[in-house]
Amino acid sequence: MSVRVNHLKLLVGGVQLRDGVTTVTEVLGKILTRAGLSAIAQEKGYASTIYGAHQFDPMMITEEPAISFGDAAYDILVALEYDSNPDAPEQPNRDTILRHGGGVKPGGMLLYDSSTGVVPTDELEARGVQIFPIPARKIAQGEMKREVVKNTIMLGALLRILRFDDDLAYFGKLMEERFARRGRDLVDLNLTAAQRGRAAVDEICAAKGYKSGVRLEARPAKKAVYISGNECLGFGGIVGGVRFYAGYPITPASSILEFMERYLPKYGGRALQGQNERESIRAAIGASIAGARTMIASSGPGISLKIEEIGVIGVTEQPVIIVDSQRAGPSTGMPTRPEQGDLNLLLGAGHGDIPRIILAPATTEECFTVMLDACEFHDKYQCPIFFMTDLNLSEGKKTVLESVFDQKPKLDRSTLLKEEDIHGKEYRRYEITDSGISPRTLPGTPGAISKTTGTEHDESGFVTIHPVKRTQMMEKRMRKVETYLREDWKKPFQVGDTRGNPVIVGWGNTRPVLEEAREMLVQRGVKAALVHFSYIYPFEKAYVSKLFEDASAVIVVEQNYSGQFADLLQRELLISTRRIVKYNGVPMHPTEVADAVLEAMKREGTIVRIGSTQPIKVEVLRNEHEGD
Amino acid sequence: MSTKGIKLWDENAVPRHQIQWCPGCGDFAVLAGLKQALTELEIMPHELMMCGGIGCSGQIRNYLNGNAFHGTHGGALAYALGVKMTNPELKVITLAGDGDTLAIGVENFVHVCRRDPDMVLLIMNNGVYGLTKGQSSPTGGLGQTFETFSEEKPPMVDPLLLALASEATFVAQSFSGDVKHGTKVLVEAFQHKGFSLVNDFSPCVTYNKFNTYEWFREHVAYVPDDHDVTSVEAAQALVRDFARRGKVPLGVIYKNPRRHEPHNRLPIWTEQLENVDRNVVLASYR
Ligand code: SF4
């Protein structure tokens, strides 16, 4: 049997907060990153009940970075629950197996805790799946007298199955970093537990003659970190000059607050846990007035509560970066499930018209690099800068090369005027300019007074209802959009020739999956192109129109019910689109997208709903398309 | 007090911006007292940041010199909080009405009392929403006795008691009919290291026909010299005792500064922001 080296996908599942699912994947991701490999764990499944729900964390492991996290098909399934899941009491120690067993590839492996009994696995065995029942909890409670090490036993068993870290060098070093300060005993305990897990697998292999079809081998270490999107965007903010952060606890944006509370003070900044969503954004506006680069973050429900302040930011021209870590809506929705459902909200947030910039990083790396741009736009455009991620990108972790973080920020603060800049001149806070950008002074600057208000105002900031002054001020603000398009908007990412071919269109965090889907299509002989937006709004209409002009079909793929980005493209470009949407709270996977693209190619106006219980719908747009 | 000092506070304001208060409005006296207090304190206009509420009273920010911001209804205190946290060197005052502060903005009122930033809140309290033509506010009904209440017409909120319950460290009350006293209170509020509430009764001559200047003149009484301002119990007892006697206390009712962690002005300028040590973060993720 040939052995596949350094390319596999696994899933670890168990009972939330009890079985330590993410401690297993966290340790694994970290040691694999140190061993020169690449891990992606961005399909987190958990629930908003705290204790007892099913939780799982799939992980793609490769030598060179994988394009995406791949399909829901696993070489290895690890089930950590030892008895009944309170969420599914009828399934003692087999909840993970029943939920994800179908995804185990033929010839794959199942590792589960058999402390409370052996699970019938005939069906899996019939598909050639090798079964490793390990009584981890029993061993932990009995031999080792410490129940907490049950996960370490399972992790040791998993490392053995992966035939990785034979001498537990990577694992041991990590344990030392974590526990050495609390005593050598704790380190040794974990090492013994991991060895015990290895031994248990050895026994089973010997008894059953199992040989693994996959294995991992360490490679020369690259300078890399194992990090989440929220951590990257928070770090991007700090490197980009953000020194004031405010946030109210909300899934999946809370980890940004935690990151900022931990690191901002180390850079002289402050992180404020707001008493509510409004206090967070209002305090950030105050910090912006006093001169700090400011960031806030929330998710859909919290963004909805902040909307009145978004208008204030637009009209007072006191900038704030607003991170929307999306989760499935509407209302409280599914707090722990991903979706790209907030685009319409951000496009329209606030009454009246204000300039706004919406960014949506496509990858964990872009959470850092695009945030550096967001920080510059904050100062330059003095308007709401939206930064959209979603639960998977925010909370999911990935191996990221450290060179990504070497990028130097511009830190251009030239729109802040100092005393010498205004000396001898008449300073007007809202001076009418060609670019629409009016440099400002900070309170505390001798010789300069800023009167600022969310009420319509004249150049000096005094309230006005004068029709001409109003018109001038509205046009001044909105001119910033043109300046942005001319000077800073970045073209969409593109692969493949759009002329004469179907064009897959996406935005935000779906890019890796869409790239992989496109490659699958190319392999199937379909010359599809991909156009993917990270600088999603506003965009240069002429440029994007041209991209789609000769496409055989424009197929917009996104994770929401209505096709919000497709609507935007139709509205701005007056083109018709075909749509692929998914809104069941499960991340998109490459194969289903590739299949859906083939379906969408058949007819103009097709809407493919992945995972839907409804049949595929075709919207007949115009008569002349009948018979297409 | 020099007239030159006072004049400084007229620049960058009126007559560029006409005062649009009804003749006789209590806010005129607040404006005069504020300018006097700032002059006495020798604060310079560029060092002053005013956050104005929505309503008649919030307009005050444009009627005197100094930086000003004006955002949403109920938001003024939270903006002020962010300003002060970022630049502790600024003198920050929030100028808002009773509706703004105690109805739509009560969430900020309660929590800013707890947070205790070194800044002033001056409520121009008249018991009504003047700008929208006289609807009753949470402080409406002062001095009146009602036989019955309803969901539509609940009893009034006393900002002093709410502030004390919310751990405020400086609580005072003034009346725009006594500018001299009001100025003194405001000076003390600015000098207090922490959050200072000054609840100023500034009558709305147009819409509040009950709490008029005459009514206040009959009902105000100064806090006695022997009152212990450092005791929260004494403060609460004083407010309740005055209320029982149908009186409205004027003066400093509670003053008890807390110890704070010191904070510098946040890094703002490019040279303060560049060359950050990325290792501080990356080390934890390796
Ligand atoms: S309506 Fe009342 S509060 Fe408003 S300006 Fe007139 S008197 Fe003053």
Side-chain angles (χ1 to χ4, degrees), chain A residues 30 33-34 224-227 231 235 238-239 241 243-244 246 263 266-270 272 275-276 278-279 282-294 308-309 312 316 318 402 405-406 409 411-413 416 442-455 460-463, chain B residues 11-13 16-17 44-49 51-52 59 61-62 65-87 89-90 92 107-108 110-112 114-115 263-274 276-278 280-282 284-286:
Chain A
K30 220 160 176 153
T33 300
R34 290 176 178 191
V225 288
Y226 186 62
I227 196 165
E231 289 153 350
F235 189 29
I238 292 174
V239 173
R243 287 298 177 272
F244 186 91
Y263 292 108
K266 297 192 163 93
Y267 296 94
R270 295 183 82 168
L272 179 76
Q275 300 295 345
N276 54 60
R278 290 168 302 272
E279 188 187 42
R282 284 162 167 166
I285 292 170
S288 173
I289 293 166
R293 280 195 174 169
T294 60
E308 194 187 3
E309 303 302 324
V312 170
T316 63
Q318 291 299 160
E402 282 187 32
F405 306 109
D406 290 341
L411 297 169
D412 179 355
R413 303 223 74 187
L416 297 184
L442 301 181
T445 310
I449 295 298
S450 285
K451 298 275 192 200
T452 49
T453 172
T455 311
S460 301
F462 287 115
V463 172
Chain B
E11 288 168 25
N12 290 305
R16 286 169 72 174
H17 204 284
M44 292 295 288
H46 72 267
E47 301 166 337
L48 180 69
M49 184 71 215
C51 289
Q59 305 305 320
R61 71 189 192 278
N62 282 333
N65 204 350
N67 300 289
F69 182 80
H70 175 245
T72 53
H73 201 21
L77 269 179
Y79 304 125
L81 171 72
V83 170
K84 189 70 192 182
M85 284 179 73
T86 303
N87 187 353
E89 293 151 30
L90 294 171
V92 182
E107 62 193 23
N108 292 321
V110 167
H111 294 294
V112 166
R114 293 174 54 225
R115 293 189 189 281
H263 276 285
N264 292 329
R265 186 178 180 183
L266 301 189
I268 301 276
W269 304 108
T270 306
E271 53 278 16
Q272 298 171 313
L273 299 172
E274 58 196 0
V276 299
D277 181 3
R278 288 165 167 77
V280 173
V281 169
L282 291 176
S284 324
Y285 298 96
R286 285 190 181 119

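Each chain gets a letter, A, B and so on, in the order the sequences are listed, and its residues count up from 1.
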Heavy-atom pairs under 4.5 Å with chain B, option from [options] with the top count:
| options | result |
| --- | --- |
| Gln318(A), Glu309(A), Arg34(A), Arg293(A) | Glu309(A) |
| Gly454(A), Ala224(A), Pro446(A), Gly269(A) | Pro446(A) |
| Thr455(A), Thr294(A), Asp412(A), Val463(A) | Val463(A) |
| Gln275(A), Arg243(A), Lys30(A), Glu308(A) | Gln275(A) |
| Asp406(A), Ile238(A), Thr33(A) | Asp406(A) |
| Ile449(A), Val312(A), Val225(A) | Ile449(A) |

Determine whether Arg278(A) and Asn108(B) make a side-chain contact, defined as any pair of heavy atoms from C-beta on separated by less than 4.5 Å.
->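 The answer is no; the side chains never approach within 4.5 Å.
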Any side-chain heavy atom of Gln272(B) sitting closer than 4.5 Å to one from Arg413(A)?
->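 Contact flag for Gln272(B)/Arg413(A) side chains = no.
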Which atom names give the shortest non-hydrogen contact between [X] and [Y], and what distance separates them?
| X | Y | result |
| --- | --- | --- |
| Tyr267(A) | Pro267(B) | O-CG, 3.8 Å |
| Gly241(A) | Leu273(B) | O-CD2, 3.8 Å |
| Arg282(A) | Ala78(B) | CB-CB, 3.5 Å |
| His46(B) | Thr445(A) | CB-O, 3.4 Å |
| Tyr263(A) | Val280(B) | CE2-O, 3.5 Å |

For the [atom1] atom of [X] and the [atom2] atom of [Y], what is their distance to the nearest 0.5 Å?
| X | Y | atom1 | atom2 | value |
| --- | --- | --- | --- | --- |
| Leu416(A) | Trp269(B) | CG | CH2 | 5.0 Å |
| Thr452(A) | Tyr79(B) | OG1 | OH | 10.0 Å |
| Phe244(A) | Asn87(B) | CZ | CG | 12.5 Å |
| Thr86(B) | Leu442(A) | OG1 | CG | 10.5 Å |
| Leu411(A) | Glu271(B) | CG | CD | 10.0 Å |

Tell me, for [X] versus chain B, whether the close heavy atoms (under 4.5 Å) come from the side chain, the backbone, both or neither.
| X | result |
| --- | --- |
| Tyr226(A) | both |
| Lys451(A) | both |
| Ala292(A) | both |
| Phe405(A) | both |
| Arg270(A) | both |
| Ile289(A) | side chain |

Chain A heavy atoms under 4.5 Å from [X]: which part of the residue, side chain, backbone, both or neither?
| X | value |
| --- | --- |
| Met49(B) | side chain |
| Leu282(B) | both |
| Asn65(B) | both |
| Glu274(B) | both |
| Leu81(B) | side chain |

Between [options], which has the largest tally of heavy atom pairs under 4.5 Å with chain A?
| options | answer |
| --- | --- |
| Cys51(B), Gly71(B), Gly75(B), Gly52(B) | Gly75(B) |
| Ala80(B), Gly74(B), Ala76(B) | Gly74(B) |
| Glu89(B), Gln59(B), Arg114(B) | Arg114(B) |

Sequence neighbours left out, what passes side chain to side chain donor-acceptor pair (under 3.5 Å) with Arg61(B)? Give chain and number order.
->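 With neighbours one apart ignored, the set is His70(B).
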Sequence neighbours left out, what passes side chain to side chain donor-acceptor pair (under 3.5 Å) with Ser450(A)? Give chain and number order.
->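 Ser450(A): side chain to side chain donor-acceptor pair (under 3.5 Å) contacts with Tyr427(A), Thr441(A).
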Check the surroundings of atom CG in Asn264(B): do more than 12 heavy atoms from other residues, nucleotides or ligands lie under 6.0 Å from it?
->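 At most 12 heavy atoms, drawn from other residues, nucleotides or ligands, come within 6.0 Å of this atom.
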Salt bridge (charged side-chain N to carboxylate O under 4.0 Å, His left out) between Arg278(B) and Glu402(A): does it pass, once the steps are laid out?
-> CA-CA 10 Å; Arg278(B) 288 165 167 77; Glu402(A) 282 187 32; over 6 Å; no
